[in-house]
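Report on one structure; see the data block that follows.
Chain identifiers are assigned alphabetically (A, B, ...) following the order of the sequence lines, protein sequences preceding nucleic acid strands; residue numbering begins at 1 within each chain.
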Amino acid sequence: MMIRTRFAPSPTGFLHIGGARTALFSWAYARRHAGSFILRIEDTDLARSTPEAVQAILDGMQWLGLNYDEGPFYQTQRMPRYRAVIEEMLAAGSAYRCYMTPDELDRLREEQRAQGLKPRYDGRWRPEPGKTLPTPPVGMPAVVRFRNPAAGVVAWDDLVKGRIEIANAELDDLIIARADGTPTYNFCVVVDDWEMGITHVIRGDDHVNNTPRQINILQALGAQVPLYAHLSMILGGDGQKLSKRHGAVSVMQYDDAGYLPEAVLNYLARLGWSHGDDEIFSMSQFCEWFELDHITPSAAQFNTEKLNWLNAHYLRTVDPERLESLLRVRLEARGVTVAASPSLAAIIALHKGRVGNLNELANVAEVFYIDLQPKAELLAKHLTPETFAVLSDFVAHLPDVAWESGAIGALIKDCVARHGLKMPKLAMPLRILLTGLEQTPSVDALVAIFPREMVLKRLTAVSEARHSPTGCS
RNA sequence: GUCCCCAUCGUCUAGAGGCCCAGGACACUACCCUUUCACGGUAGGUACCGGGGUUCGAAUCCCCGUGGGGACGCCA
């Protein structure tokens, strides 16, 4: 059997982390089994769906590299088909018209709640043998309800949660078409999953309650029931539910924050799924390993620290050229002009193992290209009088030293030794003067990636400053 | 309220009756490396929600409790 999975977001907002994981698992399962991954936009709620949200979802999936084989299909473009199926169901008696108004329904639900009952439609317009239905009010539009089986249980073997059984008595007759004739979510899903030949429905936990209803409709339609896998939810770092008001962010915000898509993907894959002790793996490895039986049924808390660790790892190991172009874009966005020397490639080689994200890398790369003004407090702290002589000594030898880190390192050592000082006495002033930062890579390697004149310039600029009354500029 | 789901270190998880007085990873602490800070290396602390069963034996199976979550829309 050809595996067919789908990701079916509703375009009412951006692609958030939970949706991204659902998409990732659906995608990976299809890839694992050489199946097909389908993207379907569930935009039947005309009031809340927006083209911007559709684009945001598409952008998010593209950034993550979750490519789909079919689609995107839009439910709003399949309306005639849904209407036809509703007509068939009406004719077959598996659906019926209900003339109850929203107000009446509200009142009914309130009463039921007041009595401690589960709010549900009471079936007053449901045709039964021997039952006399009320007379339909003239000129009043009707909704169409599904005639849910009254007895028995609906059961399915959930691929992550195991067997779930729900009594039909718990289910009421849900509306499948609104008074204006448009079909509702639960109905469209069923028709689409059926006609698109979906074999595995991988979706969020919050749909567990919809599943028995959908199975019943599927059965009324004589359709094959797909297999279901319900993923538990992702909680915020504080253990609270992620919502628009609380912590739910677009995957694109991770891009802005300097994360690499492979880090986000690896992190997400590991959130709720495991393959023994494996922590770091590529998506192609993931697609070889991924099966539904190692998905945890319990909710998982999002942990930014671990994501950071993965991101730092990928930053260290990505292809240098790709990293360079990613970084160049970020620097240019800041208005920084990337000069030919020191080369971005050299800066990256020196720093990529030391930063957690692309923005941090941009922060350190930037100092090589801007008009540097080291902070006064740092100058005061590290450019102490005892360092002046050794610094001048170093500067004096600069024009003659071979321009590579080994020779520069040797020169630094000679200078400190001559002045009877420890290494940091020269290394720290150099760091501050050259980058304005207290933490840099090995100072000899740092000096070496600059053009010689630029080092001279940055070092001398402050050698003048030290003659100023405050000792710093 | 009713129905459904979930429950191992702070966090993500391994674990499918003996291999577990519970393993890995992130984070944390200490030490090593060292030219600062990272990286890396080594070591360490911290967990089976509670109570009953079943069994020679339970983190693993069953029941109850507790806690958390989800759903109950002419939203998806």
Side-chain angles (χ1 to χ4, degrees), chain A residues 8-12 42-45 47-49 75 98 100-102 105-106 109 112-120 141-145 158 160-162 164-167 169-172 174-186 188-189 204-212 230 232-233 235 237 239 241 267 270-280 293-294 296-310 312-313 316 351-356 382 409 412-413 416 422-428 430-432 437-446:
Chain A
S10 62
T12 54
E42 311 226 318
D43 53 357
T44 51
D45 184 352
R48 295 201 301 152
S49 299
Q75 290 187 325
C98 166
M100 206 169 165
T101 65
L105 264 172
D106 283 346
R109 279 194 274 258
Q112 288 166 328
R113 247 184 252 269
Q115 288 172 55
L117 298 171
K118 185 171 185 162
R120 59 206 299 276
V143 298
V144 178
R145 288 186 182 269
D158 196 277
V160 351
K161 291 178 185 294
I164 299 178
E165 291 186 14
I166 312 276
E170 289 297 327
L171 274 19
D172 61 359
L174 77 156
I175 291 172
I176 58 177
R178 302 179 179 93
D180 65 3
T182 57
T184 58
Y185 164 78
N186 273 102
C188 298
V189 168
D205 218 344
D206 46 338
H207 289 290
V208 171
N209 294 272
N210 292 325
T211 306
H230 287 100
S232 57
M233 59 188 320
L235 273 18
K241 188 196 173 186
Y267 178 72
R270 209 46 202 72
L271 200 58
W273 174 84
S274 62
H275 184 266
D277 288 338
D278 294 304
E279 294 288 350
I280 293 175
D293 57 357
H294 277 90
T296 2
S298 54
Q301 220 171 296
F302 192 90
N303 183 228
T304 307
E305 242 117 47
K306 189 162 179 184
L307 207 212
N308 290 344
W309 167 70
L310 279 166
H313 166 81
R316 248 176 272 137
H351 291 88
K352 66 176 182 178
R354 313 168 49 81
V355 294
H382 295 288
I412 292 172
K413 286 194 176 101
V416 240
K422 298 265 199 194
M423 193 63 162
K425 290 293 178 203
L426 178 53
M428 291 314 293
L430 288 176
R431 288 195 168 94
I432 303 304
L437 302 168
E438 282 183 294
Q439 289 117 39
T440 78
S442 201
V443 78
D444 46 6
L446 178 72

- Find the distance A:Arg109:CZ to B:G1:C1' and express it as a whole number of Å. 16 Å

- Under 3.5 Å side-chain donor-acceptor pair for A:Thr184 and A:Asn186: no

- Query: Mind checking the P distance from B:A22 to B:C9? Whole angstroms is fine.
  - Reply: 14 Å

- Contacts of A:Thr44 that satisfy side-chain contact (heavy atoms from CB on, under 4.5 Å) - sequence neighbours left out: A:Gln75, A:Met79, A:Cys188

- Looking only at side-chain N and O atoms, does A:Thr296 come under 4.0 Å of OP1 or OP2 in B:U13? yes

- Item | Pair assignment for B:U42, Watson-Crick or G-U wobble, requiring both distances under 3.5 Å | B:A30

- Task: Heavy atoms under 4.0 Å is the rule here; annotate nucleotides 35-51 of chain B 5' to 3' with B where the base is hit, S where only the sugar-phosphate is, and - elsewhere.
- Result: BBBBSS-----------

- Task: Check step by step if side chain to side chain donor-acceptor pair (under 3.5 Å) holds for A:Thr12 and A:Arg48.
- Result: CA-CA 6 Å; A:Thr12 54; A:Arg48 295 201 301 152; 4.8 Å; no

- Task: Using a 4.0 Å heavy-atom cut-off across all strands, classify A:Glu42 as base, sugar-phosphate, or nothing.
- Result: sugar-phosphate

- Message: Using heavy-atom distances to pick each residue's nearest nucleotide on RNA chain B, tell me which of A:Leu271 and A:Thr184 is more 5'.
- Response: A:Leu271

- Check every strand shown and say whether A:Ala300 touches a base, only sugar-phosphate, or nothing at a heavy-atom separation below 4.0 Å. sugar-phosphate

- Message: Tell me whether the side-chain N or O atoms of A:Gln115 pair up with the base of B:G1 as donor and acceptor below 3.5 Å, since no angle test is needed here.
- Response: no

- Task: Would you mind classifying the nucleic acid contact of A:Thr44 as base, sugar-phosphate or nothing, using non-hydrogen atoms under 4.0 angstrom?
- Result: sugar-phosphate

- Watson-Crick/G-U partner (both atom distances under 3.5 Å) of B:G65: B:C49

- Message: Please tell me whether A:His230 and A:Asp158 have a donor and an acceptor in their side chains that are separated by less than 3.5 angstrom.
- Response: yes

- Note on the structure: Per-nucleotide protein contact along nucleotides 64-71 of chain B, 5' to 3', at a 4.0 Å heavy-atom cut-off (B base, S sugar-phosphate only, - neither), is -----SBS

